[in-house]
**Q** 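First the structure, then my questions, so here it is.
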Amino acid sequence: MIARFKRAAREQTGSFTLEASVSIPVLLIAVIALISFSLMLYNRSELYVTAAAAVDRTAYAWDNSSKDLLTGSYSLGQSDGLYWRLASDSLSDAFRFLVPNEDTQLPLPAGDADSSADSLPRSKLRRAGVELPRSIVGSLRYTNRLYDRVVQASVERQARVPKLVDSWFIPSTSVELKSSVTDPVELLRTVDLVRTFSGRLKELFSRRDPAIPLPESPSVPRPEMQFTSEKEAAAFLRSLLGSPSAVYVTTPSGQQRKLDSLDPDGLFHEAKFGYTSKTEAVENQIAKDLELLRSAGQVKGVVWHFFRDSRNGKVGPSKPLRKELEKRGIVVVIHG
């Protein structure tokens, strides 16, 4: 019996089967775990890239809700209005230390929610939210602290791993990202405003001896503005600006436009007489002026002057016309 056991111990038959039955399950489990871990990393990376693209594109197009999120293009004349930064940009967030206030928030997925009552910031968030896959849940938020405007995303998605090993890993993947809203146009306006008025304020407050009387300048009689026609008003405007005569130019579309006065700085001054309504002829003039502005030629800006009709005392544009001029960036000056 002992000899038989010694002989069996020296026998090599069946050793491969025994080793394989032990090592193959271990190797199989290791391969499945490695594949599942790779899927988890891929899911997290894909979620991060998707959320980052959403917040970056939203922040980039924040200054105009009509901008395409991919290209940044928008149709001519489409904007959020002149004062949206004051009235429709969650400015109250900056005063939450005085009045309790929450950030503008959009739950995800956003496809089925009612959007008719959305505020302007929430509608901008919704444009990005509807582009996200429905498997992503969480929220998009916008915060305005005056010095820092931020679009944030807190999102998560169920992990897509084989059911055999789904209990080995975290059931969902979550990321949090944010992107700052930049507004270069508004920054340039603010810097220009500060540069314009800082010197005047410094000069005003730096006067040390106000008791010294200033020499009186001889009184110059103001020219009387009594006009009975638009031709007289245009001539008076040219005399003020030192322009010898009207200038005729051709717009990029081939139409001719009469410029009542063009000053050395490239400002085109248009003279209007009496009460002016938004007629078809006036709208054509506005369209030509916009063409000249966008062509980056000799016209750098447009100013419309309105002079009083001395016969009936009427002056100025109608409300629709004034709104249209201000919307197009044309300066309105009313002479009493």
Side-chain angles (χ1 to χ4, degrees), residues 55-67 72 74 76-99 101 103-104 119-121 124 141-152 178-210 212 214 217 240-242 261-270 289-290 292-306 317 322-336:
V55 295
D56 286 344
R57 290 169 180 170
T58 304
Y60 165 72
W62 195 261
D63 60 340
N64 191 336
S65 58
S66 300
K67 272 187 177 181
Y74 57 93
L76 183 64
Q78 290 185 333
S79 66
D80 295 329
L82 186 60
Y83 301 108
W84 68 269
R85 295 174 182 85
L86 296 176
S88 306
D89 197 34
S90 297
L91 191 61
S92 58
D93 292 352
F95 304 99
R96 64 178 61 195
F97 61 93
L98 296 176
V99 180
N101 189 35
D103 298 338
T104 301
S119 62
L120 182 59
K124 293 178 179 180
R141 299 192 307 276
Y142 172 69
T143 307
N144 184 353
R145 292 187 176 88
L146 290 181
Y147 61 89
D148 187 24
R149 298 184 293 163
V150 178
V151 177
Q152 298 173 304
K178 66 179 182 178
S179 181
S180 296
V181 176
T182 57
D183 199 344
V185 174
E186 186 65 17
L187 176 62
L188 290 175
R189 290 174 182 165
T190 304
V191 171
D192 186 62
L193 178 67
V194 173
R195 289 183 58 189
T196 301
F197 288 98
S198 59
R200 298 181 183 179
L201 292 175
K202 182 179 179 181
E203 180 182 354
L204 178 64
F205 290 108
S206 62
R207 295 177 180 175
R208 300 184 179 276
D209 192 2
I212 300 177
L214 298 176
S217 58
L240 288 179
L241 300 173
S261 177
L262 184 65
D263 65 22
D265 296 325
L267 286 179
F268 156 43
H269 299 266
E270 169 77 6
D289 294 349
L290 292 178
L292 294 173
L293 279 174
R294 297 191 185 102
S295 65
Q298 57 181 339
V299 176
K300 309 300 182 185
V302 179
V303 183
W304 282 31
H305 298 260
F306 293 85
R322 182 162 192 164
K323 184 177 180 181
E324 180 70 14
L325 292 173
E326 293 175 347
K327 180 180 178 181
R328 301 302 182 183
I330 297 176
V331 180
V332 175
V333 178
I334 301 177
H335 300 268

**Q** Enter the distance from T182:OG1 to L187:CG here, rounded to the nearest 0.5 Å.
**A** 9.5 Å

**Q** How close do S179 and V55 get, counting heavy atoms only, and between which atoms?
**A** CB-O, 3.8 Å

**Q** Side chain to side chain donor-acceptor pair (under 3.5 Å) with D63: which residues, sequence neighbours excluded?
**A** K67

**Q** Say you draw a straight line from CG of L325 to CZ of F306; how long is it, rounded to the nearest 0.5 Å?
**A** 5.5 Å

**Q** Is any side-chain heavy atom of R294 less than 4.5 Å from a side-chain heavy atom of L76?
**A** yes

**Q** Not counting sequence neighbours, which residues clear ring-ring contact (aromatic ring centres under 6.0 Å, His included) with F268? List them please.
**A** none

**Q** So do S65 and L120 actually touch side chain to side chain, heavy atoms under 4.5 Å?
**A** yes

**Q** Salt bridge (charged side-chain N to carboxylate O under 4.0 Å, His left out) with R328: which residues, sequence neighbours excluded?
**A** E324

**Q** Can you name the residues that form a salt bridge (charged side-chain N to carboxylate O under 4.0 Å, His left out) with D183, not counting sequence neighbours?
**A** R85, R149

**Q** Could you give the distance from CG (D289) to CH2 (W304), rounded to the nearest 0.5 Å?
**A** 6.0 Å

**Q** Taking side chain to side chain donor-acceptor pair (under 3.5 Å) as the definition, give me every residue that meets it alongside R189, ordered by chain and number, with sequence neighbours left out.
**A** E186

**Q** Determine the minimum heavy-atom distance between R322 and P317, stating which atoms define it.
**A** CB-CG, 3.8 Å

**Q** May I have the step-by-step check of side-chain contact (heavy atoms from CB on, under 4.5 Å) for T143 and Q152, ending in yes or no?
**A** CA-CA 8 Å; T143 307; Q152 298 173 304; 3.9 Å; yes

**Q** Who pairs with R57 by salt bridge (charged side-chain N to carboxylate O under 4.0 Å, His left out), at least two apart in sequence or on another chain?
**A** none

**Q** Minimum heavy-atom separation for W62 and P121, please, with both atom names.
**A** CH2-O, 3.5 Å

**Q** Using side chain to side chain donor-acceptor pair (under 3.5 Å) as the criterion, list what pairs up with S261, not counting sequence neighbours.
**A** S243

**Q** Please enumerate all residues that pass side chain to side chain contact (heavy atoms under 4.5 Å, CB included) together with S79, with sequence neighbours excluded.
**A** N64

**Q** Report the residues that fulfil ring-ring contact (aromatic ring centres under 6.0 Å, His included) with H269, sequence neighbours left out, ordered by chain and then residue number.
**A** H305

**Q** D148: which residues meet the side chain to side chain contact (heavy atoms under 4.5 Å, CB included) condition with it, sequence neighbours left out?
**A** V150, S180

